[in-house]
Amino acid sequence: MTLLGHPPVRRLIPERGVWSRLTARDSVVRRLDWVMLLAALALSGISTLLVYSATRGRTELTHGDPSYFLLRNILNTGIGLVLAFGVVRLGHHRLRGAVPLLYAASVLCTAAVLTPLGATINGARSWIQLGGGFSVQPSEFTKVTIALGMAMVLAARVDSGEQRHPDGRAVVRALGVAALPTLVILLMPDLGSVMVLVVIVLVVLLASGASRRWLLGLLGAGAAGCLLVWQLGILDTYQINRFAAFANPALDPTGVGYNTNQARIAIGSGGLTGSGLFHGPQTTGRFVPEQQTDFIFTVAGEELGFIGAGAVILLLGVVLWRACRIAREAGDRYGAITAAGIVAWFAFQSFENIGMTLGIMPVTGLPLPFVSYGGSSMFAAWIAVGLLQSIKVQRPVTA
């Protein structure tokens with residue numbers, strides 16, 4: 001009822017406050033996988049300490065500024081976080097429409113490495129120098145775009161309800177998506193990145209539900225391809241020597257086997273608790289080459305010991321565990337396949353990097369995700385975390 005001459009009485013419902021909106025069941029902040037996020041942040045924090053320890057005395061690298069790599073690593077982590085939350089904000093579903101453009105850009109940038117724009121570092125022409133001491137490694141971002149591109153192709157007719165599993169034509173198109181950038185990276189040659197891409201392709205196909213015959217055929221073709229690459233002499237001499245040193249560590253301990261031998265000495269000398277942060281004899285003595293990048297795990301082993309190195313492995317395991325859970329519980333096939341590709345990338349690259357420092361894998365120059373120094377690898381890893389978080393956030397809320 002209303003009173004004559006007076007407007008109807010309205011019941012005022014107060015709006016939810018900022019805290020209420022953030023902590024609501026359907027809020028983005030509440031639905032983030034904080035366990036994964038904190039584990040990745042912890043790895044990046046450990047990375048900052050290890051990179052600083054490995055470089056503070058390297059005046060030839062720091063230009064006389066001991067904090068040169070420290071500040072850059074902090075900046076790289078900050079930019080990586082911004083990229084991750086940018087991806088979450090955009091959402092992997094909305095990003096799906098831009099995948100063809102992102103894929104084309106990554107292929108062009110990767111191919112540009114083979115032009116005069118490219119620079120050769122440690123035997124591989126994998127970099128583009130930007131000036132001012134900055135460089136970019138396009139192959140790191142290719143790992144993201146291949147996972148996204150293959151997922152988009154393989155899930156197209158599955159998510160629409162037309163098929164339960166991708167058919168042969170979809171598999172062929174997905175393999176075509178992976179083949180072009182893989183071939184370009186092989187020509188650099190960057191064998192380590194090619195190995196990562198091959199693992200991503202196999203796991204993505206497995207996660208998509210494609211016929212097992214494709215997987216068996218690809219494994220056979222891969223074995224034949226390795227033999228062909230060896231026979232045609234595509235691999236550079238330094239890569240062949242690395243495999244030879246892996247097969248026989250005593251082959252050339254002062255030459256091609258030097259890195260691996262020094263890495264094992266550094267890790268072995270750490271014992272249970274390590275020699276203390278910034279006090280590792282191998283690290284301060286500069287015996288291990290590329291210690292801030294490829295061999296960063298040796299700093300953890302020597303200065304933090306078995307406990308500290310084990311903590312790094314444990315944190316990587318937490319990231320992989322949560323990523324597997326996101327892949328398993330994804331609300332759509334596109335998200336599940338993308339997450340599976342990221343799991344394959346992180347798992348194999350971590351195993352290869354740590355394995356080569358222990359002498360159980362050949363030296364390939366792959367960075368340790370979230371830990372090795374390098375803007376490109378840090379940005380790509382955090383973009384992948386953003387994709388995983390988006391897949392979890394956009395999963396339908398169950399009652």
All salt bridge (charged side-chain N to carboxylate O under 4.0 Å, His left out) counterparts of [X], not counting sequence neighbours:
{"X": "Arg173", "answer": "none"}
{"X": "Arg286", "answer": "Glu60"}
{"X": "Glu140", "answer": "Lys143"}

Exercise for the section: Apply the side-chain contact (heavy atoms from CB on, under 4.5 Å) test between Pro138 and each candidate in Thr145, Leu108, Thr110; give the one that qualifies. Expected result: Thr110

Exercise for the section: Report yes or no: does Ser350 contribute a side-chain atom to a donor-acceptor pair with the main-chain N or O of Ala347 at less than 3.5 Å? Expected result: no

Exercise for the section: Measure from the side-chain N and O atoms of Ser193 to the backbone N and O of Asp190, and report whether any donor-acceptor pair falls under 3.5 Å. Expected result: no

Side chain to side chain donor-acceptor pair (under 3.5 Å) with [X]: which residues, sequence neighbours excluded?
{"X": "Ser47", "value": "Asn73"}
{"X": "Arg56", "value": "none"}
{"X": "Arg169", "value": "none"}
{"X": "Ser208", "value": "none"}

Exercise for the section: Indicate yes or no: does Asp33 engage Lys392 in a salt bridge with an N to O separation below 4.0 Å. Expected result: no

Completion exercise
Residue set satisfying side chain to side chain contact (heavy atoms under 4.5 Å, CB included) with Ile46, at least two apart, ordered chain then number -> Leu50, Val312, Leu315

Problem - Contacts of Ala174 that satisfy side chain to side chain contact (heavy atoms under 4.5 Å, CB included) - sequence neighbours left out - result: Met150, Val153, Leu154

Practice task
Report the hydrophobic cluster partners of Ile307, with the cluster defined as I, L, V, M, F, W, Y residues connected by side-chain heavy atoms closer than 4.5 angstrom, directly or transitively.
Solution key: Leu272, Phe306

Practice task
Could you identify which residues cluster with Val35, counting Ile, Leu, Val, Met, Phe, Trp and Tyr as linked when any side-chain heavy atoms lie under 4.5 Å apart, either directly or through a chain of such contacts?
Solution key: Val318, Trp321

So, [X] and [Y]: side-chain donor and acceptor under 3.5 Å apart, yes or no?
{"X": "Thr298", "Y": "Gln282", "value": "no"}
{"X": "Ser377", "Y": "Gln137", "value": "no"}
{"X": "Glu352", "Y": "Thr364", "value": "yes"}
{"X": "Thr55", "Y": "Gln292", "value": "no"}

Handout entry: Residues that Phe278 engages under ring pair (Phe, Tyr, Trp, His ring centres under 6.0 Å), provided they are two or more places apart
Key = Tyr52

Handout entry: Residues, nucleotides or ligands: over 12 heavy atoms within 6.0 Å of His93 NE2
Key = yes

What heavy-atom pair brings [X] and [Y] nearest, and what distance separates the two atoms?
{"X": "Leu148", "Y": "Leu95", "answer": "CD1-CD2, 4.4 Å"}
{"X": "Arg72", "Y": "Tyr373", "answer": "CD-OH, 3.3 Å"}
{"X": "Ser44", "Y": "Thr77", "answer": "CB-CG2, 3.7 Å"}
{"X": "Ala344", "Y": "Ile200", "answer": "CB-CA, 4.1 Å"}

